[in-house]
Amino acid sequence: MTKKTMGIHHITAIVGHPQENVDFYAGVLGLRLVKQTVNFDDPNTYHLYFGDKGGKPGTIITFFPWAGARQGKIGDGQVGVTGYAVPKDALKFWEQRLEKFNITFTKQERFNEQYLQFEDPHGLRLEIVEREEGEINAWTIGGITPEVAIKGFAGATLFSAQPNQTAELLEKVMGLELVGREGDFIRFRSRANIGNIIDLKAASTERGQMGVGTVHHIAWRAIDDKDQLEWQKYVSMNGYGVTPVQDRNYFNAIYFREYGEILFEIATDPPGFAHDESQETMGEKLMLPAQYEKYREQLERSLIPIQVRELE
């Protein structure tokens, strides 16, 4: 049996104050807050999801925000950089927008592409690159039109404690195509037109420390529950310890830690984010899984209030 993932389903990170998180990803970057819920393992904090208008796989970044939590350290065993794709000729708009909000950025060329690199308010490393592939994002906010809006993930840069073993996993198990090597990076590509490029740092550095400003895990796409069970068996057959299926309400998930110490998830595309509220109203109110609904009043009192707002 051989398997090939379509690419990135979502990326989940740890950040600080939730309103700062919403202001940056919705207010500055123009992503849609597609779901407000709680961390199913620790319901006293939010789990916030941002993506394109429809909340499609390959566009979703999710956050556990803990105001006042310890700052993490980006390093081996993590996604080091999260990349976003924008339409062709949109990079100048994003340079101007980052300048407008006093966000320092640098430019880097990699594999014949120009990247804008910057950090969010909590230290998470991000980059923006122009790509022709990928659907236009119809979500509009704060002067960000579909002609320049973030489409979804361009990809991610992985920092591995064992780069050779991570490279073998990406190609031989996850089914990504090896594109080539340039400088410090090895590039892989999936079959999808969004969330499809993985750059692996070819040399290990220092081990990362989990905390604010770091990625917790990267999730790969499974077509449906049947496909996910095949992945579970396949990953296990290749020598990795895989968890049982976890119900995350908006997708089912399995997890394993690869030899480079990066936490991988494989998540189902369905059911998506509109099954417990309408497509039009997604993200407008706190949605709780059934086991926490009886604690709604208590949770709404304890969670820091948030709102999506257009920033001047």
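Residue numbers run from 1 in the order of the sequence given.
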Apply side-chain contact (heavy atoms from CB on, under 4.5 Å) to Leu303 and Val38, showing your working.
CA-CA 9 Å; Leu303 292 167; Val38 292; 4.0 Å; yes
Same apolar cluster: Val179 and Val173, side chain cutoff 4.5 Å
no
Is the shortest side-chain N to carboxylate O distance from Arg187 to Glu113 below 4.0 Å?
yes
Test side-chain contact (heavy atoms from CB on, under 4.5 Å) on Asn39 and Tyr46; report intermediate values, then the result.
CA-CA 6 Å; Asn39 182 336; Tyr46 285 109; over 6 Å; no
Using every non-hydrogen atom in the two residues, find where Trp139 and Ala149 come nearest and quote the distance to one decimal.
O-CB, 4.3 Å
Is there side-chain contact between Phe24 and Leu29, with heavy atoms separated by less than 4.5 Å?
yes
Presence of salt bridge, Lys3 and Asp227, under 4.0 angstrom:
yes
Would one find more than 12 heavy atoms of other residues, nucleotides or ligands at under 6.0 Å from atom CD of Gln291?
yes
Just wondering, are more than 12 heavy atoms of other shown residues or ligands nearer than 6.0 Å to CD1 in Ile223?
no
Contacts of Val245 meeting side-chain contact (heavy atoms from CB on, under 4.5 Å) (sequence neighbours excluded), chain-then-number -> Gln228, Leu229, Gln232, Asn252, Ile254
Both conditions, 6.0 Å and 45 degrees, for the charged tip of Arg110 above the ring of Tyr115: are they met here?
yes
Between Arg32 and Ile141, is there a donor-acceptor pair closer than 3.5 Å when you use the side chain of the first and the backbone of the second?
no
With under 30° as parallel and over 60° as perpendicular, where do the rings of Phe64 and Trp66 fit, or are they tilted in between?
tilted
Within a strict 4.5 Å, meaning less than it, do heavy atoms of the Glu20 and Val15 side chains meet?
no
What I want to find out is whether Glu133 reaches Arg189 closely enough, with some N-O distance under 4.0 Å, to be called a salt bridge.
yes
Interatomic spacing from CZ in Phe50 to CD1 in Ile11 - rounded to 0.5 Å
14.5 Å
Does CD in Glu109 sit with more than 12 non-hydrogen atoms of other residues, nucleotides or ligands closer than 6.0 Å?
yes
How about Asp76 and Gln162: does a side-chain donor come under 3.5 Å of a side-chain acceptor?
no
Side chain of Thr37, backbone of Met287: donor and acceptor closer than 3.5 Å?
yes
Who else is in Met6's hydrophobic cluster (ILVMFWY, side-chain heavy atoms under 4.5 Å, direct or via others)?
none
Ser278 side-chain N/O to Thr281 backbone N/O, donor-acceptor pair under 3.5 Å
yes
Greater than 12 external heavy atoms within 6.0 Å of Tyr295's OH:
no
Set out, in order, the CA-CA distance, both residues' side-chain angles and the distance that settles side-chain contact (heavy atoms from CB on, under 4.5 Å) for Ile61 and Tyr49, then state yes or no.
CA-CA 6 Å; Ile61 191 164; Tyr49 295 73; over 6 Å; no
Show the nearest heavy-atom pair for residues Lys100 and Glu312, with the distance to one decimal.
CE-C, 3.8 Å
Counting only heavy atoms not in Gln246, do more than 12 fall under 6.0 Å of its CD?
yes
Using modelled atom types and a 3.5 Å cut-off, is there a donor and acceptor pairing between side-chain atoms of Thr5 and backbone atoms of Arg221?
yes
Considering only NZ, NE, NH1 and NH2 on the basic side and carboxylate oxygens on the acidic side, decide whether Lys233 and Glu230 come within less than 4.0 Å.
no
May I have the step-by-step check of side-chain contact (heavy atoms from CB on, under 4.5 Å) for Arg97 and Phe93, ending in yes or no?
CA-CA 6 Å; Arg97 188 162 182 85; Phe93 169 88; 3.8 Å; yes
All pairs passing ring pair (Phe, Tyr, Trp, His ring centres under 6.0 Å) where residues 249-268 contributes a residue, at least two apart:
His9-Phe251, His10-Phe251, His217-Tyr255, Trp220-Phe264, Tyr240-Phe256, Tyr240-Tyr259, Tyr250-Phe273, Tyr250-His275, Phe256-Phe264
Under a 4.0 Å threshold between the charged nitrogen and the carboxylate oxygen, would Arg191 count as salt-bridged to Glu177?
no
To the nearest 0.5 Å, what is the distance between CE (Met210) and CZ (Arg70)?
9.5 Å
hydrophobic_cluster_shared for Val34 and Ile8, side chain cutoff 4.5 Å
no
Non-hydrogen side-chain atoms of Ile150 and Trp94 separated by less than 4.5 Å:
yes
Does Val215 share a hydrophobic cluster with Leu31, counting links as ILVMFWY side-chain heavy atoms below 4.5 Å and allowing steps through other members?
yes
What about Ile128 and Leu126, same hydrophobic cluster or not, with Ile/Leu/Val/Met/Phe/Trp/Tyr joined at side-chain heavy-atom distances under 4.5 Å?
yes
Could you pull out the closest heavy-atom pair between Val212 and Gly16, with the gap in Å?
CG1-N, 3.8 Å
Does any non-hydrogen side-chain atom of Asp199 lie less than 4.5 Å from one of Leu158?
no
Pairing of Glu261 and Arg257 as salt bridge, 4.0 angstrom limit
no
Could you list the residues that satisfy side-chain contact (heavy atoms from CB on, under 4.5 Å) with Asn164, not counting sequence neighbours?
none
Glu277/Lys285 salt bridge by N-O under 4.0 Å criterion:
no
Step through the shown structure and confirm whether more than 12 heavy atoms of other residues, nucleotides or ligands are within 6.0 Å of NZ on Lys88.
yes
Phe159 with Val79, same ILVMFWY side-chain cluster at under 4.5 Å
no
Does Arg131 reach the main-chain N or O of Ala154 with its side chain, forming a donor-acceptor pair under 3.5 Å?
yes
Nearest heavy-atom approach of Pro146 to Ile136 is O-CG2, 3.4 Å
Heavy-atom side-chain contact between Ile194 and Lys151 under 4.5 Å
yes
Do any N or O atoms from the side chain of Glu130 and from the backbone of Asp89 form a donor-acceptor pair under 3.5 angstrom?
yes
Is Lys56 salt-bridged to Asp269, cutoff N-O under 4.0 Å?
no
Less than 4.5 Å apart, side chain to side chain, heavy atoms only: is that true for Lys107 and Gln114?
yes
Give me the atom names and distance for the closest heavy-atom approach of Leu48 to Ile306.
CD2-CD1, 3.8 Å
Besides Phe40, the hydrophobic cluster formed by Ile, Leu, Val, Met, Phe, Trp and Tyr side chains linked at under 4.5 Å, directly or via other members, contains none
Does His122 offer a backbone N or O that forms a donor-acceptor pair with the side chain of Gln71 under 3.5 Å?
yes
If you count every heavy atom of other residues, nucleotides or ligands that lies below 6.0 Å from Glu132 atom CD, does the total exceed 12?
no
Has Asn21 got a side-chain atom pairing as donor or acceptor with His17's backbone, closer than 3.5 angstrom?
no
Output yes when a side-chain donor or acceptor of Glu258 lies under 3.5 Å from a complementary backbone atom of Gly260, and no otherwise.
yes
For Phe185, what are the other residues in its hydrophobic cluster, where any two members join if their side-chain heavy atoms are less than 4.5 angstrom apart?
Phe111
Donor-acceptor contact below 3.5 Å, side chain Gln78 vs main chain Lys73
yes
Would you compute the distance between atom CD of Glu280 and atom NZ of Lys53 and round it to the nearest 0.5 angstrom?
8.0 Å
Steps toward salt bridge (Lys or Arg N to Asp or Glu O under 4.0 Å) verdict (Arg309, Asp23)
CA-CA 7 Å; Arg309 51 193 184 184; Asp23 281 345; 2.7 Å; yes
